[in-house]
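Below, read A as the first sequence line, B as the second, and so on, with proteins coming before strands; counting in each chain starts at 1.
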2 protein chains.
Amino acid sequence: MGSSSSRLNILETASKLFQVQGYHATGLNQIIKESGSPKGSIYYHFPEGKEQIALEAVEYTGKIVREQLNKTLTASADPVESLQSVVQHLVDHLGHPEDVEGVPIGLIALETCSMSEKLRKACSEAFTSWQRLFADKLIENGFKQDRARELGILLQCTLEGALTVSVTQDNSEPLRILKEQIPLIIKP
Amino acid sequence: MGSSSSRLNILETASKLFQVQGYHATGLNQIIKESGSPKGSIYYHFPEGKEQIALEAVEYTGKIVREQLNKTLTASADPVESLQSVVQHLVDHLGHPEDVEGVPIGLIALETCSMSEKLRKACSEAFTSWQRLFADKLIENGFKQDRARELGILLQCTLEGALTVSVTQDNSEPLRILKEQIPLIIKP
DNA sequence: GTCTATATTAAGATAGAC
DNA sequence: GTCTATCTTAATATAGAC
């Protein structure tokens, strides 16, 4: 196969590690150990080294989250209800870093945005794509385009922040408060 | 003096570096170079090494931000207006990491919360203290205590998220949108 | 209290056998 | 394509002179 399964395996392992530990705390040695691939394979598949792995991991995570968000947002027609399910999923997965939904790029974004323009852009584009999903859901439900775009950005920021604070405080309360306030925020 | 000015100098330098670059990207060598203090002094003043410096830097930053927030929040009696000034300050200082206000612990919080319980707690307490300032401002203006507490948490989370996304996207729009939506969020 | 020299470990990266 | 051995650099930390 052109894109071997060993390559994908490295990417999946790296993505999880970068999400939880961040860029600098995740060593190639750890990626090697946890993925089972040897160092030689890493530099064969990713000749530009760690930065290339991180770049592709951000793109990969962006896509996974996009798909998961899309599924949750289309499960209910009502935008308030479906956005509340998105938050609820985050609550349910607190402390279970696999299968996260909505914010898992915040750490690597903050770590790398002042260090690598390539990585900053990749994180920025992931954020934008999520914002657009929220906006589209609102447009479908009769919101004007500009207003939907504003709210899409606000929602993505708020999710990002509430997840950060919930993880730091080891407490789902911030996310639960956000969930309850969604109807307040989603106003035409 | 008991707490020498060299000690404070190290702490101020480390706090800025941790805010911008994060915990793992900031080496003791860099703290030494930028503070002008030699390595021996660091381990004299902070015998437990990097983790101790980070712990005290988080507490220090928490206090500086608290004082700055307090000043901005008391400048106007109206809670909406004063919260909007808080956001405006963040916009004004985007890209100027000194004298930040409101979120500069997010990176180190995400980096360390799954690694050091001591650091996680310190970050958590800084967040809580900022949430309380927002809540107190609302209580002064007639909000019920429980509602003010909820909104204090929501506001701090939202600021955190909007700053993260603004920095990552190199664009103040997320913060500016938040500023405009503050009146929508602050409802009894 | 201050500073230098050094120990120790681990990081990212490469060379080259297979 | 896979794996090992190794290079180089930089990290945290310590010892000990002054």
Find the distance [X]:[atom1] to [N]:[atom2] and express it as a whole number of Å.
X: B/I42; N: C/dC3; atom1: CD1; atom2: P; value: 12 Å
X: B/Y43; N: C/dA7; atom1: OH; atom2: C1'; value: 12 Å
X: A/I32; N: D/dT4; atom1: CD1; atom2: C1'; value: 11 Å
X: B/F46; N: D/dT14; atom1: CZ; atom2: P; value: 16 Å
X: A/I10; N: D/dT2; atom1: CD1; atom2: C1'; value: 11 Å
X: A/E51; N: C/dA13; atom1: CD; atom2: P; value: 9 Å
X: A/E48; N: C/dA13; atom1: CD; atom2: P; value: 10 Å
X: A/I31; N: C/dA10; atom1: CD1; atom2: P; value: 17 Å

> With a 4.0 Å cut-off on heavy atoms, is B/G40 in touch with a base, just the backbone sugar-phosphate, or nothing at all?
Replying inline: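 B/G40: base contact, heavy atoms under 4.0 Å.
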>> Please classify the nucleic acid contact of A/G49 as base, sugar-phosphate, or nothing, using heavy-atom distances under 4.0 Å.
In response: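 Sugar-phosphate contact only - A/G49 comes under 4.0 Å of backbone atoms but never of a base.
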>> For the residue pair B/E56 / B/Q52, report whether a side-chain donor-acceptor contact shorter than 3.5 Å exists.
In response: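 Yes - a donor-acceptor pair under 3.5 Å links their side chains.
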> Is it true that the side chains of A/T26 and A/Q21 contain a donor and an acceptor less than 3.5 Å apart?
Replying inline: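 Yes - a donor-acceptor pair under 3.5 Å links their side chains.
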Minimum-distance nucleotide to [X] side chain [options: [options]]:
X: A/K39; options: C/dT14, C/dT2, D/dC3; value: C/dT14
X: B/K50; options: C/dT2, D/dT12, D/dT2; value: D/dT12
X: A/N29; options: C/dG1, D/dT12, C/dG12; value: C/dG12
X: B/Y44; options: D/dT2, C/dG1, D/dT12; value: C/dG1
X: A/S6; options: D/dT2, C/dT2, C/dA13; value: D/dT2

>> Counting neighbours of CZ on A/R120 that are heavy atoms of other residues, nucleotides or ligands and sit closer than 6.0 Å, is the number greater than 12?
In response: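 Atom CZ in A/R120 is packed in, count exceeds 12.
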>> Is the phosphate of C/dT2 approached by B/H45 (side-chain N or O, under 4.0 Å from OP1 or OP2)?
In response: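 So the side chain of B/H45 is within the cut-off, an N or O lying under 4.0 Å from OP1 or OP2 of C/dT2.
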>> Determine whether B/Q169 and A/T128 satisfy the following criterion, side-chain hydrogen bond (donor to acceptor under 3.5 Å, both in side chains), listing intermediate values before the conclusion.
In response: CA-CA 9 Å; B/Q169 302 199 318; A/T128 301; 2.9 Å; yes
> Is B/M115 reachable from A/L17 through a run of hydrophobic residues whose side-chain heavy atoms are each under 4.5 Å from the next?
Replying inline: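 The answer is yes; both residues are in one hydrophobic cluster.
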